[in-house]
There are 2 protein chains.
Amino acid sequence: MSSSSGGTQAVDRAAALLDLVVRADEPVRFTDLSDETGLARSTTSRLLAALERTDLVERDGSGGYVAGPLFALHAAVHDPWPQVARVARPVLETVAERTGETVHLGVPRGAGVLHVGQVESAYLLSARDWNQVDVPAHCSSLGKVLYAYDLLPIPSGRLERRTDHTVPTGDALQRELATIRRQRYATTIDELETGLSAIAAPVEGRDGVMCAIGVSGPTARLQDRVADFGRLLVQQAGELSALLGLSRSTQPRESPTEEGVA
Amino acid sequence: MSSSSGGTQAVDRAAALLDLVVRADEPVRFTDLSDETGLARSTTSRLLAALERTDLVERDGSGGYVAGPLFALHAAVHDPWPQVARVARPVLETVAERTGETVHLGVPRGAGVLHVGQVESAYLLSARDWNQVDVPAHCSSLGKVLYAYDLLPIPSGRLERRTDHTVPTGDALQRELATIRRQRYATTIDELETGLSAIAAPVEGRDGVMCAIGVSGPTARLQDRVADFGRLLVQQAGELSALLGLSRSTQPRESPTEEGVA
DNA sequence: CGAGATTGTTTCAGGGGGTGGAACTGACTT
DNA sequence: AAGTCAGTTCCACCCCCTGAAACAATCTCG
C-alpha cells in the first residue's frame, strides 16, 4: 500500500499534509499535522514550508495552517454549484442505483429552483432532463424543500395551478412546509403533471441547509415507496451533508436559523 | 532563486505543475505542462500521476488536466465572496495607498449591496465601516455599478430620498446607468449623506461583471478628483478582472500594465 | 523568576528516493 | 506499412530527501 506509490514519496507526503489542511474547517496546528501523518517534525516543517512558498497553504494569525491563495483563487473564479455537483455525484449515483429513478440536485436561484446535477433513470419511462425546464418551485419537491428551509422567498396568494393536485395557495404551501420540516423530506404527487411524482430531502452545508437532492418518476412506480425513498434520501443527504459540512466537530445543530452576515 | 528552495525539489516541481493547472481556465495538456516547466517528460508523468492519485488534479474526458476533487471540495464548502475578497485584497490596498481613502469591494445580494472587503482610510475623517450598515443601493456608487451591469434588479417609481441629491426615481436611475456604462465608473456625491461621496468601477470575472470596487470619503476631498480616482479604479478593477478572469488566453490588454494616476 | 517542558526550525551526514535517458506502447498520419 | 508523435515504464546513477540531534523560541509552574 504505502509502498505502491512508485517514486514520489515526498510529493505523496506533501499531498497528505495538504489534504488534511484543506479538509479541516479550522486552522490546523503543526503538531497535529505531524502527528496525524506520522512524519518526523523536521520533515513536516520542510514540506509545509514548501507548500507555503507555493501558495498551497497559508498561516493564519495564530500560526495555524489553512488552505492557501491558490485554493482561494480557484473558489473565486468558479461557480460554487458545479463544484457542489461534482462532490455530490457519488451520492446521486448511489441514490440512482438504489431507486432506479432519475436523481437531481437542486439549488435556489432567484425565486426558482436550478438543477445543477442529475443522474438518469435506468427506466425507459422516466422524468426528462430538467436542466433546461422552468418548473414552478411550488410544484417541485426540491422547491418545497428549499421553501421549507428559507432558501426561497415563500409566495403568497394563489399559485399557478398545474394539476388538480397542485398546492393552491401560499397559505396551503406554508402549512405543508411544517410537515416537510418534521419528516425531513418533501413530496409532490401528480402536482406538476398528472402521473409524475417526486421526493426530495435537504442537504446541509456548514451554514445550514444549502440545497436539496431528490428523485422523480412515474407516480405508478413511486407512490408505494414514498416513505422508503424518503428515508433513503434523508440518509444519503446526510452523507452529503457530512462531506460538505466537513468536520463539524461536534455540533448536531437542529434549527436552521442561520442569519447572514448582513 | 530556483536553487534557494532547500530540500524540496520534487514538491516544488509538483507544485509548479499544480499551479499551472489550477490557474488555467481550460484543461492543460501533458506536453504543455512538460514544456512550460521544463521538466523531463518522465518526471512530469510521475509527478502528475502522484497529483492525480492524491485528488489534486484530475483528467477530463480528452486527457487534459484540470483542478481535482480537493479543489472542488474547497470551493463547494466555502462562500465564494470571501475568497474573492482575499484575491482582491492587494488591489484594494493599492487603491487605498494611492487615494488615501477607504476602499470597498461590493457584491450583489438580494436587492442590495453586500460589502465583503474593505481597507480603511488613513484619514481621521473617513467613511465608517460599511460592513454592517444597510445602505440603499441607489445611493451607493457600488450599487449603481451593480445596477448598470444587471447584477441587481432595477427599481421603478420613486426611490428613498436620503438627501436633496439622491437619485429621485427609477427612471432617473436608468438614465444615469447609461453614463456609468460609458465611462466605466459610477459616482455618488452627497446622495447618501451630505458631505459623503463615493466612486466605483466594475470588476469582471469569467462570466462578465461580477462585483465592484470603489472608494468613499468626504466630498471636500473627493470632488476635485472624481475623474482621477475614476480612472484609477477602472484601471485597478481591470487588474483584478485579469486575475479573476484568469488567462483569457491571449489578451495583450492595451493599457501598458502600470499607469500611475497619482 | 528561572528551570524545565513544549513547540517548531535548522543542520548535516548517510542512504534511500528521485531523476532523466532510453526503451516501449499506442494512437494518429502519410 | 512505415513513420511520427504523445505519454508511460524501466533502471542505474547520484542527488535530494530524510530524521536524529542541536538549536531557538515560547509556554508553564514551582
Side-chain angles (χ1 to χ4, degrees), chain A residues 1-24 26-69 249, chain B residues 1-69 247 249:
Chain A
M1 264 310 191
S2 56
S3 61
S4 72
S5 324
T8 49
Q9 187 192 61
V11 176
D12 289 338
R13 289 172 164 184
L17 289 169
L18 184 54
D19 191 85
L20 284 174
V21 170
V22 172
R23 293 192 125 88
E26 51 187 15
V28 190
R29 310 211 128 278
F30 177 93
T31 304
D32 296 332
L33 290 170
S34 179
D35 290 350
E36 293 239 24
T37 57
L39 296 173
R41 293 202 305 285
S42 55
T43 301
T44 306
S45 179
R46 218 173 334 101
L47 293 178
L48 284 173
L51 292 175
E52 190 175 2
R53 225 182 311 115
T54 52
D55 285 347
L56 287 168
V57 303
E58 195 170 57
R59 318 191 69 155
D60 74 348
S62 60
Y65 287 92
V66 297
S249 300
Chain B
M1 264 314 169
S2 56
S3 62
S4 73
S5 324
T8 50
Q9 187 191 61
V11 176
D12 289 337
R13 288 171 164 185
L17 289 169
L18 185 53
D19 191 87
L20 284 174
V21 170
V22 172
R23 293 193 124 87
D25 53 355
E26 51 187 16
V28 190
R29 311 212 127 276
F30 176 93
T31 304
D32 296 332
L33 290 170
S34 179
D35 290 349
E36 292 238 25
T37 57
L39 296 174
R41 295 202 308 284
S42 55
T43 301
T44 306
S45 178
R46 222 175 328 104
L47 293 178
L48 284 173
L51 292 175
E52 190 175 2
R53 224 183 311 115
T54 52
D55 285 346
L56 287 168
V57 303
E58 194 170 59
R59 318 191 69 157
D60 74 347
S62 60
Y65 287 92
V66 297
S247 60
S249 299

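On a predicted model such as this, the values are computed, not experimentally measured, just so you know. Below, chain A is the first sequence line, B the second, and so on; all start at residue 1.
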- prompt: How does protein reach along nucleotides 24-30 of chain C, written 5' to 3' as B (base within reach of a heavy atom under 4.0 Å), S (only sugar-phosphate), or - (no contact)?
  reply: -------
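The side chain to side chain contact (heavy atoms under 4.5 Å, CB included) search around B:S34 returns B:F30, B:R41, B:T44, not counting sequence neighbours. Contacts of A:D19 classified as side chain to side chain donor-acceptor pair (under 3.5 Å), with partners at least two apart in sequence or in another chain: A:R23.
A:D12 places its CG atom 12 Å from the C1' atom of C:dG18, with the value rounded to the nearest Å. Atom-to-atom, CG of B:L48 to P of D:dT9 comes out at 12 Å; the value is rounded to the nearest Å. For the pair B:D32 CG and D:dC5 C1', the interatomic distance rounds to 14 Å; values are reported in whole Å.
Ranking C:dT9, D:dT8, C:dG18 by closeness to the B:R59 side chain, first place goes to D:dT8. Taking every side-chain heavy atom of B:R29 into account, D:dG7 is the closest of C:dG8, C:dG18, D:dG7. Checked against C:dG20, C:dG8, D:dT8, the side chain of A:F30 finds its nearest nucleotide in C:dG8.
At least one side-chain nitrogen or oxygen of A:Q9 sits closer than 4.0 Å to the OP1 or OP2 atom of D:dT18.
Among the heavy atoms of the strands lying under 4.0 Å from B:T43 is at least one base atom, whether or not backbone atoms are also near.
Of the residues in residues 33-42 of chain A, A:R41, A:S42 come within less than 4.0 Å of DNA chain C through at least one heavy atom, sorted by number.
A:R46 contributes no side-chain N or O that forms a donor-acceptor pair with the base of C:dG8 under 3.5 Å.
Pairs passing the salt bridge (Lys or Arg N to Asp or Glu O under 4.0 Å) check and including a residue from residues 56-68 of chain A, sequence neighbours excluded, read A:E58-B:R86.
Taking the screw axis at each terminus of the helix from C:dC1-D:dG30 to C:dT30-D:dA1 from five consecutive base pairs, the angle between the two is 40° to within rounding of 10 degrees.
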